[in-house]
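Inspection log for the structure reproduced underneath, given as structure tokens.
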Amino acid sequence: MHLTLEFAGGAELLFGKQKTHPVDLPESQTPWTIRTLLVWMRDNLLRERPELFIQGDSVRPGILVLVNDTDWELLDGLNYQLKENDNILFVSTLHGG
Amino acid sequence: MHLTLEFAGGAELLFGKQKTHPVDLPESQTPWTIRTLLVWMRDNLLRERPELFIQGDSVRPGILVLVNDTDWELLDGLNYQLKENDNILFVSTLHGG
Amino acid sequence: MTNIVRNHSLSNAEVQRYSRQLILSDFGVHAQERLKDSSALIIGCGGLGSPAALYLASSGLGRLGLVDHDEVDMSNLHRQIIHRESTVGKTKVESAQLTCSQINSSLKIDTYNLLLTSENILDIVKHYDVILDCTDNVITRYLINDACVLSHKPLISASVIRFEGQLTVWNYLEKNGPCYRCLYPQAPPAETVSTCSDVGVLGPVCGTLGSLQALEAIKLLTKIGDVLCNRMLLVDGLSMSFRTIKLRHRQPTCAVCGTNPSIVDRPAPPPAGQCTNDQPCRKNVL
Amino acid sequence: MTNIVRNHSLSNAEVQRYSRQLILSDFGVHAQERLKDSSALIIGCGGLGSPAALYLASSGLGRLGLVDHDEVDMSNLHRQIIHRESTVGKTKVESAQLTCSQINSSLKIDTYNLLLTSENILDIVKHYDVILDCTDNVITRYLINDACVLSHKPLISASVIRFEGQLTVWNYLEKNGPCYRCLYPQAPPAETVSTCSDVGVLGPVCGTLGSLQALEAIKLLTKIGDVLCNRMLLVDGLSMSFRTIKLRHRQPTCAVCGTNPSIVDRPAPPPAGQCTNDQPCRKNVL
Ligand SMILES: [Zn+2]
Ligand SMILES: [Zn+2]
């Protein structure tokens, strides 16, 4: 399954400073969800300091997850079933002023 | 054929101050182009002072036409063949400072 | 001036001064009157607070409150355009007040040269119609959010770092908008929090976001346009890209604005205690 | 300051002052040095020129040119945040220079209190690395465009009216970017041209667009990020929507930047003569 992963607000610093990552997930018996995507990302994209991105089975506090620019809370959160060509954006919250 | 027409930069003032107009064009033997769309707009949407929007068979100088956010000059201009659900944006150039 | 209706309370000098706003369709004299009768509180007179204060002071707003506990430093001047070389060493609120009053001597300005705490914030926030969060640290952002929810005030929040900015309006009751805690029930771990002092920020990014805060404040106070509520604007200055994301509604489980809130009398610290390194750890003051 | 490389020409005071920019990854001391060695010309010290000048003056730019032929009027102050009540009646360039020098006494400032014409513009533009069009009328926009194309200067152009703004970079040669005439070979009919005096403008909209002009200038001069070329940003402050449209490339048929240009020695009036009503008709001065 093809997805576009995007990172903003500094989250990209954990992913080689690259803001956009087109990825192809391998075929799977069970449907891909954000929960399983996070595991895949930890194993395949996130090489250093995973605790700055993932906490337990979710993202760490202070990171918003957007599916096609919509807050994952308006969808099924971790259980959202990914669809072909979805855009998943991870935004780290800024605090400077 | 369903289209979304949008107006910005003051062009909306000629179209009832409404920035977005979803429209359905009637079936046609020949394919719809921006050239024929402009005629349809003059007859169906543009009630007053058409010369402030249309000049000859095109838009007046100072109005940009965008097809799905791309300058019509990169497409076929007046001869661009409209496709279902195209977004056509008419932007009047601003000059204030 | 022609075509200005006469049933209003503006003086001729005000009509002249604000004429370029008055003639705006969707604005007019009545929006200008509402602005004159309104007040706004800017918390943080730094990178964001500078343009926000300058534009609100210019606009014809009636009263402006300015909060900061810091003094102007030379390293502020690359982005904090309300301050001057001559005000380095003065308090930021005094420096900002000076510039605002030079632009608009009719504006009433209240200054608060203090560190906001859960003890003092409610007493300040209650005197204003809208609050602008222009601060630079996580703890104060939770504090301001809680105070705004408890006081039923809309909160226009912006933040910047490096080349990026974020903007939204929290606690906009008319549209059931979420609060900061609805989105961020838990504070981020301290080691993930960067500040402008740590990693820098480019001045015009502050200018863009701070101006947009003033714009939202004017729209909100005059009741024109669509307030940026249930949405967040993400700005990336390096690529010059702008993106609006759709946010969740108010959360029934929220600790402060939910149906069974645990924060009821005064603001509370965020659940996961942490401090920023931009200023002394503030855990103790909350 | 730690981690700042030493092979640079900045003084300790400069390193301190601009530290929050220096520490930016993608920026650093060498970008700051380039900024110090650079110059920018702001044409129009009004709604857009105010924030653009303030942010460029603050940034550590070496030299800033300011052009305007007007005097500060009370009706400017609702949006032109570089001016003061005390400078009403003074020339705008003098008023702007005063504020910029108060913010940054190291900045060299050249002022041009004059109306630009096809006779004098080339002699001014040639002294600067980048030009910012912050003017308020069609005729001057063509004039500036032609001068920039003939002088091979990038042109950062913004415009505002009511609640809207537009921004792009013209004549960006590195990317074969179009010029103003490539997009607008013909000037609009006079009756379709509105000005801020006619229909008004909201101050923070100027603040947003002017700040973004300063941002593009800094990126362009320091060679960081993606310049807004072949693209145009459309801002609608009322709905808080931002949209980037994709523009045509440089047009071979363009009268000034094309393969067989008719405008070769000095700027020409736009083909369809017209004048704005914001100032005396300028057809005669071209
Ligand atoms: Zn809440
Ligand atoms: Zn050209």
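Hydrogens, waters and symmetry mates are skipped; everything else that's a heavy atom, side chains included, is used. Quantities reported herein were computed from a predicted structural model and do not represent experimental measurements. Within every chain, numbering begins at 1; the chains are lettered A, B, ... in the order of the sequence lines, protein sequences first and strands thereafter.
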State whether the side chain of W32(B) and the backbone N or O of P26(B) hold a donor-acceptor pair below 3.5 Å, judged by distance alone.
yes

Is it the backbone or the side chain of R79(D) that comes under 4.5 Å from a heavy atom of chain B, or both, or neither?
side chain

With chain B, the option among K246(D), R248(D), R141(D) that has the most non-hydrogen atom pairs under 4.5 Å is R248(D)

In terms of heavy-atom proximity below 4.5 Å to chain D, should S92(B) be classed as side chain, backbone, both, or neither?
backbone

Please check this pair: side chain of N76(D) against backbone of H83(D), looking for a donor-acceptor N/O pair closer than 3.5 Å.
no

Lys/Arg-Asp/Glu bridge criterion (N-O < 4.0 Å) met for E51(B), R49(B):
yes

Run through N171(D), V67(D), I144(D) and flag the one making a side-chain contact (heavy atoms from CB on, under 4.5 Å) with I131(D).
I144(D)

Heavy-atom contact with chain B under 4.5 Å, split by part of V201(D)
neither

Pick one: which of L155(D), L183(D), I263(D) meets side-chain contact (heavy atoms from CB on, under 4.5 Å) with N145(D)?
L155(D)

Where does C206(D) contact chain B at under 4.5 Å (heavy atoms): side chain, backbone, both or neither?
neither

Do any N or O atoms from the side chain of Q251(D) and from the backbone of H249(D) form a donor-acceptor pair under 3.5 angstrom?
yes

Max heavy-atom pair count under 4.5 Å with chain D, selected residue of L64(B), L66(B), D71(B)
D71(B)

Tell me which of these, L209(D), T192(D), D133(D), L48(D), has more heavy-atom pairs under 4.5 Å with chain B than the rest.
T192(D)

L234(D) portion near chain B, given a 4.5 angstrom heavy-atom threshold
side chain

Where on T244(D) is there a heavy atom nearer than 4.5 Å to chain B: the side chain, the backbone, both, or neither?
backbone

Relative to the ring of F7(B), is the ring of F90(B) parallel (under 30°), tilted (30 to 60°) or perpendicular (over 60°)?
parallel

Under 3.5 Å, is there a donor-acceptor pair between the side chain of K92(D) and the main chain of G46(D)?
no

Is chain D contacted by the side chain of L52(B), its backbone, both, or neither, given a heavy-atom distance below 4.5 Å?
both

N137(D) side chain to T140(D) backbone, donor-acceptor under 3.5 Å
yes

One option among R243(D), Q80(D), R162(D), M232(D) has the most heavy-atom pairs under 4.5 Å with chain B, and it is R243(D)

What are the residues of residues 11-21 of chain B, in order of number, with any heavy atom under 4.5 angstrom from a heavy atom of chain D?
E12(B), L13(B), K19(B)

E216(D) side chain vs I156(D) backbone, donor-acceptor pair below 3.5 Å:
no

Would you give the length of the straight line joining atom CG of L5(B) to atom CG of D86(B), rounded to the nearest 0.5 angstrom?
10.0 Å

